[in-house]
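Below is one structure, written out as structure tokens, with a few remarks after it.
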Amino acid sequence: MGLAKVKYKGFIAPLIIGLLIWFTAPVRPAGVSVAAWHMMAIFIATIAACITQPLPIAAVTLIGFTVMVMTKLVPMDDALTAFSNSSSWLIAMAFMLARGIIKTGLGHRIALYLIKAFGKKTLGLAYAVGGIDLITAPATPSNTARAGGIVYPLVESLAKTFGSEPNNDSRKKIGAFLTFSEFHSNIITSAMFMTALAPNLVIVALAKTMKIHISWLGWFTASVVPCLLLFILVPFVIYKMYPPEIKETPNAREWADKSLREMGPMKVSEKVMAGVFILTIILWMMSNTLGIEASFVAFLAISLLLIFGVLTTKDLLSETGAWNVLIWLSILVFMAGELSEMGLIKWLSKSIASGLHGMNWVAVLAILMVIYFYAHYLFASATAHVTALYAPFVGVAISAGAPAMLAAMLLAFCSAIMASTTHYANGPASILASSGYVKQGEWWRMSFVLGLLYLVVFLTVAPLWMKVIGMW
């Protein structure tokens with residue numbers, strides 16, 4: 001077997017950036033220690049490597065971790081505590097829960113029932129497609145798995161049933177509209193649930209280092225009104241902006257009915273999966289009341305799936321997405337935590353805040369939201385973006401007088417909706433934009449318009465709703 005492919009050119013920019021920061025330590029700002037400056041050098045170089053990707057993100061973070069220990073910034077015993085991060089384990093277990101939903105066929109069956117119920121008109125189909133994403137989102141932290149593994153195969157099958165093929169004029173019959181609607185439904189559900197998007201757990205862990213504690217129920221309570229509003233509005237806006245040629249779809253119900261008959265009655269494995277899924281959501285919602293960790297609930301769910309034979313040990317070991325996220329999330333959060341402990345995040349927040357001195361905190365928070373959102377044009381990874389900018393931006397908002405929880409949640413929501421910027425903004429964008437149903441120019445133009453809608457809703461409705469429920 002030959003050597004694995006490594007894009008060595010991808011190491012050049014991170015290495016140069018890291019060395020430049022490292023060797024400018026003698027002229028570092030007052031109040032910042034040499035250790036903090038050197039840690040920043042390794043952290044930023046690691047984030048840069050997450051963007052240039054000479055190797056997958058888990059590999060480059062492991063290299064950053066090794067350099068951090070090798071340079072004696074953190075002792076090995078202390079560094080290994082990175083892998084005890086509960087948020088990392090929560091999302092890894094949630095990945096495995098999602099595997100059960102796909103493996104048993106439960107996700108596919110739910111999708112067919114929704115299509116059967118709402119499939120009379122094309123707009124109804126868009127809501128049904130979004131509903132699939134909504135139902136599976138709480139236990140599917142990989143939004144790419146949701147879009148690419150559960151929803152898009154159904155969208156593609158439906159489109160082809162109506163003679164709508166990619167890469168030709170027939171794409172506009174129905175395929176383009178449904179594909180684009182699914183992408184934006186995926187964005188909204190990613191913002192709605194703490195466990196619907198991997199970077200959301202990065203945010204929870206980063207917020208915790210700033211003494212801001214976000215629970216599963218707290219996140220959902222804050223997001224439910226603005227996200228449901230968008231869930232209703234966005235498919236309709238897309239329908240008007242990008243209308244499908246086929247408006248009536250009575251065949252969709254027949255197709256779903258036929259597919260359900262072919263699947264047969266619910267298997268025992270599906271029933272067990274459904275029961276565990278419902279139990280998991282209930283326990284996540286009641287975790288604060290019951291005094292149990294959300295990560296423990298995820299472990300309990302996987303244990304039950306193992307006991308009942310829905311998942312096997314082989315399934316767990318082969319769920320590479322879970323182990324991948326466990327590595328990179330643990331390391332990046334640990335590095336960010338060290339920067340916070342060393343006082344660098346506090347210094348950076350104050351430095352940025354000084355440039356906005358004298359401004360009302362409302363204006364500061366709005367400006368930060370807009371900058372944070374549009375900065376995603378420069379990123380192909382939400383993880384890299386969140387890890388680099390979330391904590392400093394929240395710190396600036398708090399320094400300006402913004403309520404801590406409000407700032408933390410608004411920038412958290414922004415971390416999901418910023419995926420609407422480009423066709424490379426996240427995994428679902430890469431899958432759905434390359435399907436051949438939506439042209440790149442259409443994708444950028446319409447997503448820009450919808451991005452404005454997202455910002456308006458999260459800058460107005462979300463703060464008002466959070467005020468009503470007493471979150472600030």
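Model, not experiment: these values are computed from the prediction.
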Contacts table for residues 172-182: side-chain donor-acceptor under 3.5 angstrom, sequence neighbours left out:
from   : atom 1 : to     : atom 2 : distance (Å)
Thr179 : OG1    : Gly175 : O      : 2.7
Ser181 : OG     : Phe177 : O      : 2.8

Considering only heavy atoms from C-beta outward, does the side chain of [X] approach that of [Y] to under 4.5 Å?
X: Asn200; Y: Thr195; value: no
X: Leu206; Y: Val386; value: yes
X: Thr312; Y: Leu316; value: no
X: Leu97; Y: Val276; value: yes
X: Leu332; Y: Val202; value: no
X: Glu293; Y: Val297; value: no
X: Phe183; Y: Val438; value: no
X: Leu112; Y: Met263; value: yes

With a 3.5 Å distance limit and no angle check, can you tell me whether [X] reaches the backbone of [Y] through a side-chain donor-acceptor pair?
X: Thr61; Y: Ala58; answer: yes
X: Ser295; Y: Trp89; answer: no
X: Thr52; Y: Gly10; answer: yes
X: Thr280; Y: Ala301; answer: no
X: Ser223; Y: Met192; answer: yes

Assess the pair Phe193 and Trp284: is the distance between their ring centroids shorter than 6.0 Å?
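They do not qualify: ring centres at least 6.0 Å apart.
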
Heavy-atom closest contact ([X] atom, [Y] atom, distance):
X: Ser435; Y: Asn167; value: O-ND2, 4.4 Å
X: Ser190; Y: Asn143; value: OG-CB, 3.7 Å
X: Ser318; Y: Arg99; value: OG-NH2, 3.2 Å
X: Cys227; Y: Ile188; value: O-CG2, 3.4 Å
X: Ser447; Y: His184; value: OG-NE2, 3.4 Å

Inspect the surroundings of [atom1] in [X] and state if more than 12 heavy atoms from other residues, nucleotides or ligands are less than 6.0 Å away.
X: Tyr242; atom1: OH; value: yes
X: Asn168; atom1: CG; value: yes
X: Lys103; atom1: NZ; value: yes

Using a strict threshold of under 4.0 Å (side-chain N to carboxylate O), is an ion pair present between [Y] and [X]?
X: Lys258; Y: Glu262; answer: yes
X: Lys267; Y: Glu270; answer: yes
X: Asp257; Y: Arg253; answer: no

With distance as the sole criterion, is a donor-acceptor pair present between the side chains of Trp444 and Thr422 under 3.5 Å?
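Their side chains do not contain a donor-acceptor pair, so the 3.5 Å distance test is not met.
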
Which atom pairs, donor and acceptor, lie under 3.5 Å between side-chain atoms of residues 304-311 and protein residues at least two apart or in another chain?
none

Result block: side-chain N/O donor-acceptor pairs under 3.5 angstrom for residues 119-133, not counting sequence neighbours:
from   : atom 1 : to     : atom 2 : distance (Å)
Lys121 : NZ     : Glu248 : OE1    : 3.4
Lys121 : NZ     : Glu248 : OE2    : 2.8
Thr122 : OG1    : Ile246 : O      : 2.5
Thr122 : OG1    : Lys247 : O      : 3.2
Tyr127 : OH     : Ile232 : O      : 2.5
Asp133 : OD1    : Arg146 : NE     : 2.5
Asp133 : OD1    : Arg146 : NH2    : 3.4
Asp133 : OD1    : Thr189 : OG1    : 2.9
Asp133 : OD2    : Asn186 : ND2    : 3.2

Determine, stepwise, if the pair Val234 / Ile238 fulfils side chain to side chain contact (heavy atoms under 4.5 Å, CB included).
CA-CA 6 Å; Val234 168; Ile238 295 173; 3.7 Å; yes

Do the ring planes of Phe220 and Trp216 sit parallel (below 30°), tilted (30 to 60°) or perpendicular (above 60°)?
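Rings of Phe220 and Trp216: parallel, under 30°.
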
Would you please test Trp219 and Val204 for side chain to side chain contact (heavy atoms under 4.5 Å, CB included) and show each step?
CA-CA 10 Å; Trp219 183 301; Val204 171; 4.1 Å; yes

Under 3.5 Å, side-chain donor or acceptor atoms of residues 405-421 against the rest of the protein: list the pairs with distances, not counting sequence neighbours.
from   : atom 1 : to     : atom 2 : distance (Å)
Ser415 : OG     : Tyr372 : OH     : 2.8
Ser415 : OG     : Leu411 : O      : 2.8
Ser420 : OG     : Ile417 : O      : 2.8
Thr421 : OG1    : Met418 : O      : 2.8

Please tabulate, for side-chain N and O atoms in residues 455-472, each donor-acceptor pair with protein atoms closer than 3.5 Å (sequence neighbours left out).
from   : atom 1 : to     : atom 2 : distance (Å)
Thr460 : OG1    : Val456 : O      : 2.5
Trp465 : NE1    : Thr221 : O      : 2.7
Trp472 : NE1    : Pro463 : O      : 3.0

With sequence neighbours excluded, what pairs up with Met286 under the side-chain contact (heavy atoms from CB on, under 4.5 Å) test?
Ile282, Leu290

Among Glu442, Glu165, Glu245, Glu156, which residue meets the salt bridge (Lys or Arg N to Asp or Glu O under 4.0 Å) test with Arg171?
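Answer after filtering Glu442, Glu165, Glu245, Glu156: Glu442.
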
